[in-house]
Amino acid sequence: MLLGLRTVVFKVTDLEKAKNWYSKVFGIEPYFDQPFYVGYQHGGFELGLDPSSENRKPGLGGSTAYWGVADLAATLQELEKKGVSVLVGLQEVGDGIKVATITDPFGNEIGLIENPHFKLP
């Protein structure tokens, strides 16, 4: 069901500034570059930059680690059967990417992502 750790998303207040900084620091350009999300593939993982402050703000607590799944809707359905709490239900965030957030018994957030653009190395 869970395919492995895939993505960490950082909330940013200025997407262009963040994109320039991360491109310079990583020495690579994003593989996915949209006004709603910028994604870098680096070392077999993805760093995402998200300008939306809808669910959380930048800074401490402003990032979520996402585990890859092949079918997010089916995964959520199976997890809910097991009593897992869904914090943020399935959201289509653009270009075929779907995300959701669940919590563990201690309140830790676990992101789930179905990303057809993510390629394993």
Side-chain angles (χ1 to χ4, degrees):
M1 184 166 43
L2 297 178
L3 302 175
L5 192 57
R6 293 283 188 269
T7 305
V8 173
V9 175
F10 292 155
K11 295 293 187 170
V12 298
T13 55
D14 184 329
L15 190 58
E16 280 302 310
K17 181 178 180 180
K19 182 171 66 172
N20 291 334
W21 191 87
Y22 281 97
S23 293
K24 179 180 173 184
V25 169
F26 286 176
I28 59 173
E29 293 301 313
Y31 84 96
F32 190 84
D33 190 351
Q34 297 291 324
F36 56 85
Y37 183 85
V38 170
Y40 293 88
Q41 286 192 354
H42 190 51
F45 297 94
E46 177 174 349
L47 169 65
L49 306 175
D50 179 2
S52 169
S53 60
E54 201 171 299
N55 294 319
R56 60 180 23 181
K57 305 253 184 271
L60 292 175
S63 62
T64 303
Y66 287 83
W67 291 79
V69 299
D71 182 336
L72 184 54
T75 299
L76 284 174
Q77 191 174 41
E78 188 64 29
L79 290 172
E80 286 181 290
K81 285 181 189 174
K82 294 179 179 182
V84 172
S85 297
V86 176
L87 182 63
V88 179
L90 189 149
Q91 298 177 319
E92 295 198 24
V93 295
D95 255 18
I97 301 169
K98 299 172 186 170
V99 297
T101 309
I102 60 174
T103 58
D104 73 7
F106 311 99
N108 295 303
E109 295 182 22
I110 302 165
L112 304 173
I113 186 167
E114 178 184 330
N115 183 348
H117 306 282
F118 187 86
K119 305 290 185 248
L120 290 172

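Using a 4.5 Å cut-off on side-chain heavy atoms (C-beta onward), Leu2 and Val69 make contact.
Judged by distance alone, with hydrogens and angles left aside, the side-chain atoms of His42 form no donor-acceptor pair with the main-chain N or O of Ile28 at under 3.5 Å. With hydrogens and angles ignored, the 3.5 Å screen pairs a side-chain donor or acceptor of Glu114 with a backbone N or O of Leu72.
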Audit row: Asn115, Val99, side chain to side chain contact (heavy atoms under 4.5 Å, CB included) steps and yes/no:
CA-CA 8 Å; Asn115 183 348; Val99 297; over 6 Å; no
Does the side chain to side chain contact (heavy atoms under 4.5 Å, CB included) test come out yes or no for Ile102 and Leu112, once each step is laid out?
CA-CA 8 Å; Ile102 60 174; Leu112 304 173; 4.1 Å; yes
Side chain to side chain contact (heavy atoms under 4.5 Å, CB included) between Leu87 and Ile110, worked out:
CA-CA 9 Å; Leu87 182 63; Ile110 302 165; over 6 Å; no
Output, in order, the C-alpha distance, side-chain angles, deciding distance and verdict of side chain to side chain contact (heavy atoms under 4.5 Å, CB included) for Leu49 and Tyr22.
CA-CA 9 Å; Leu49 306 175; Tyr22 281 97; 3.7 Å; yes
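Among all heavy-atom pairs drawn from Leu76 and Ala100, the shortest one is CD1-CB, 3.7 Å. The shortest heavy-atom contact between Lys11 and Ser52 is NZ-O, 2.9 Å. Arg6 and Phe118 make their closest contact through CD-CE2, 3.2 Å (heavy atoms, listed as atom of the first residue, atom of the second, distance). Nearest heavy atom pair, residue Val12 against residue Ala18, reads CG1-CB, 3.7 Å. Pairing each heavy atom of Pro51 with each of Tyr37, the nearest pair is CD-N, 4.3 Å.
Going from atom CD of Glu78 over to atom OG1 of Thr75 covers 8.5 Å, rounded to the nearest 0.5 Å. One distance of note links CD of Gln91 with CD1 of Ile113; it measures 11.5 Å at 0.5 Å rounding. Residue Ile97 holds its CD1 atom at 10.5 Å from CD of Glu92, rounded to the nearest 0.5 Å.
Classification of the Phe26-Tyr40 ring pair by plane angle, with boundaries at 30° and 60°, yields perpendicular.
When the shell of 6.0 Å around CD of Gln34 is examined, it contains more than 12 heavy atoms from other residues, nucleotides or ligands.
Donor-acceptor pairing under 3.5 Å is lacking for the side chains of Tyr66 and Glu46.
Hydrophobic clustering, with ILVMFWY side chains joined whenever heavy atoms are under 4.5 angstrom apart, keeps Phe45 apart from Leu3.
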